[in-house]
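Worksheet: the structure to be examined is printed underneath.
Counting starts at 1 for both ligands and their atoms, in listed order. For the single chain, residues carry numbers from 1 onward in sequence order.
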Amino acid sequence: MTIKQHFTYLKFTIILIATFGKLSAQVITIPIETSSKAVVLQVGADKQLRTIYMGQKLADSKEYESISNEYKQTEDHAGLLNSAYTPSGARNLVEPAITVTHTDGNQSLDLRYVSHEVKTVSEGVSLLTVTLQDNVYNFYVTLCYKSYNKNDVIEQWSIIRHNEKSSVTLQKFASANLHIKGNGFWLKQFHGDWAKEMQPEESKLTHGIKTIDSKLGTRANLFMPSVFAISMGSPAHEDEGSVLLGGLEWSGNFKVDFEVDNQDNLRLIAGMNNYASAYKLKAGDEFATPPLVYTLSNQGTGYASRNLQSWARNFKILEGKGNRLTLLNNWEATYFDFNEQKLGELLKDTRKLGVDLFLLDDGWFGNNYPRNGDNAGLGDWQENRKKLPNGIASIARQAAADGVKFGIWIEPEMVNPKSNLYKNHPDWVVKQPKRDEYYFRNQLALDLSNPKVQDFVYHIVDSLFIKAPSLAYIKWDCNAVIYNAYSVYLKSEQSNFYVEYVRGLYKVLQKIRAKYPTVPIMLCSGGGGRVDYGALQYFTEFWPSDNTDPMERIFIQWNYSYFYPAIATSAHVTDWGKQPIKFRTDVAMMGKLGFDIVLDKLSSSDMQFCQQAVVNYNSIKEVIWHGDQYRLRSPYEHNMASMMYVDEAKTSAVIFNYLVNNRYGESSRLPVKLKGLDPQKRYRIEEVNVYPGTRTSINSNFQLSGDFLMNVGINPDVNAQRTSVILKIVQVK
Ligand code: DGJ
């Protein structure tokens with residue numbers, strides 16, 4: 001039964017039961033189904049809404065009603081362990097999803113089912129809303145479940161409102177409260193710091209609460225992102241086992257609690273962090289929480305990632321189904337030290353290399369306080385007259401004359417104390433009025449809860465496009481965390497600050513996107529300090545890490561790939577690491593390719609290799625950007641890493657192979673089994689990105705069936721002389 005059919009059936013049942021006067025005893029079962037999975041809610045005779053099932057979809061949806069009978073668990077004690085949105089202050093005994101202080105100071109809440117509704121949003125996308133109401137106070141929560149049928153993905157959030165006499169304080173306001181029954185749960189989480197993003201850790205959850213969270217305000221993912229994997233029954237495997245991948249779509253403080261309760265089940269409560277954020281909600285206003293996005297898989301993490309990546313390309317990331325620009329960036333090539341002449345040379349290099357765009361990084365602005373280092377100038381977005389006497393318009397014109405596009409770096413949310421902006425608008429700066437300032441990279445955040453600051457930030461972007469209408473790309477950076485959180489604008493409502501900052505940021509991004517809907521913008525935060533699906537709906541790509549050592553990037557990009565598609569994962573060839581240019585380029589080609597090197601310093605064969613690599617990338621980028629990704633061989637478990645992309649029609653594929661263990665004799669002794677091909681089709685395999693003057697050991701005259709390639713595999717012949725190998729596979733017709 002589809003959600004729509006179920007709803008009709010449900011309406012019919014309610015009418016029938018109401019006729020016989022038995023409505024109060026009615027049990028209502030509400031399945032949220034996708035192509036192969038189901039989350040099932042149930043309203044009991046007590047009007048409590050509970051999650052009774054998360055797992056494989058059943059052929060007969062009427063059978064969901066019988067699920068609870070089969071669980072013979074220990075006492076619940078409050079009847080709320082599997083509450084679909086656990087309220088607190090009444091009979092609840094565990095971690096709540098919501099905690100409030102009513103207008104009269106009372107802290108209790110007991111949410112009861114009122115109604116539900118299913119709407120079709122678009123083809124294959126439905127929205128279920130369930131309204132709950134407190135049985136004493138005029139207080140309501142609407143739970144929202146947006147399901148994406150094809151991808152087995154659900155976005156879940158809540159909307160809170162009330163009609164009490166004056167403001168209610170929301171002490172806690174989760175987006176989603178899941179409940180999963182199972183025999184043991186393993187959490188895979190990620191931690192990090194600058195240049196160490198997405199370091200994985202996996203552990204078995206024990207009774208009590210494990211929390212992943214951020215209290216950093218901006219650059220919120222610096223120490224950890226909100227993305228996670230929960231495996232049920234055993235630790236996550238790539239192609240087998242039950243797993244849930246999820247993450248909060250929010251670019252600020254978050255909190256995800258994993259509570260193994262007294263019945264040994266998992267209660268998962270995710271949302272904006274309520275740390276220092278008790279929120280004053282006025283009567284009649286709505287408080288919408290950001291979605292928790294998740295996908296369920298019973299075929300391991302690989303299937304789950306492909307679903308999430310496909311969902312992201314089709315529904316979330318800006319221009320997820322579109323194109324991207326390859327580029328040459330000057331950050332590591334020049335740092336702050338450049339002028340018009342130097343940029344002129346870089347534009348020519350961009351053309352020579354064959355990439356689409358030149359990206360001018362930090363250092364182009366500031367006059368009273370020139371941006372010649374990271375300690376001055378942020379906030380003063382006028383071109384530095386010494387470095388760029390003719391302004392960015394002239395650079396953009398020159399780029400056009402050279403046949404390349406032009407992009408620019410900004411960090412519009414931030415200010416250096418050494419700037420005109422700081423002197424002129426101290427009230428726009430996030431800092432405690434009576435305390436010493438404390439800096440992160442010599443800078444402070446601007447108060448984006450303030451509409452005037454939102455306008456200022458919007459105009460930074462708008463005026464760049466007005467000055468240089470051909471501007472084709474922006475890199476939006478955000479390097480500092482928030483210390484001394486305080487907003488002059490919010491006056492006595494300081495505890496709304498962390499929430500309003502992010503809402504202010506999204507307002508600016510929405511306004512920018514209304515005027516410039518498709519221009520590519522890279523989401524950067526001193527590396528991957530702000531990678532989440534809340535932000536990515538406004539951005540075309542993200543910068544995973546300043547760590548571009550290719551060996552490190554194999555691991556970092558591997559971990560991002562659990563949640564994010566390659567089309568959004570920027571990867572640049574730089575001078576980090578000791579590996580030859582081929583290895584560095586081969587790794588960057590696994591994502592959205594760019595370069596950040598001094599071309600003059602390359603030998604002629606290195607230069608020739610890079611130029612050919614760009615040509616090769618253009619021939620395979622379609623499948624990398626829009627194909628399905630298969631993690632074939634993990635660098636954590638093997639001496640090599642293999643990553644594959646296959647197009648939807650299964651006619652072409654690319655496999656990236658890297659030696660990750662440089663000990664004596666390490667090599668690809670066993671063939672790598674490919675995935676996602678058509679067993680019936682025949683394919684030709686060709687090595688690409690072969691370094692000039694060397695020869696491939698792969699025989700491209702050979703044809704092999706998908707059956708062979710997936711069951712026996714192919715050996716990329718990776719060894720100390722061939723540390724990285726890219727194989728292109730094309731169907732032979
Ligand atoms: C941090 C970014 O991650 C770098 O790529 C670079 O843009 C610098 N900021 C510039 O200050």
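Using a cutoff of 4.0 Å between basic side-chain nitrogens and carboxylate oxygens, Asp575 and Arg584 are scored as salt-bridged. Salt bridge annotation for Asp455-Lys511: present, with a cationic side-chain nitrogen under 4.0 angstrom from a carboxylate oxygen. Salt bridge status for Lys215 with Asp213: present, with a side-chain N to carboxylate O gap under 4.0 Å.
More than 12 non-hydrogen atoms from other residues, nucleotides or ligands lie less than 6.0 angstrom from NZ of Lys255.
For ligand 1, the protein residues within 4.0 angstrom (heavy atoms only) are Trp331, Asp361, Asp362, Trp409, Arg441, Lys475, Asp477, Asn479, Cys524, Gly526, Gly527, Trp543, Asp546.
When only modelled atom types and interatomic distance are considered, Thr574 and Asp596 share no side-chain donor-acceptor pair under 3.5 Å.
Not a single salt bridge (Lys or Arg N to Asp or Glu O under 4.0 Å) links Arg553 to another residue, sequence neighbours left out.
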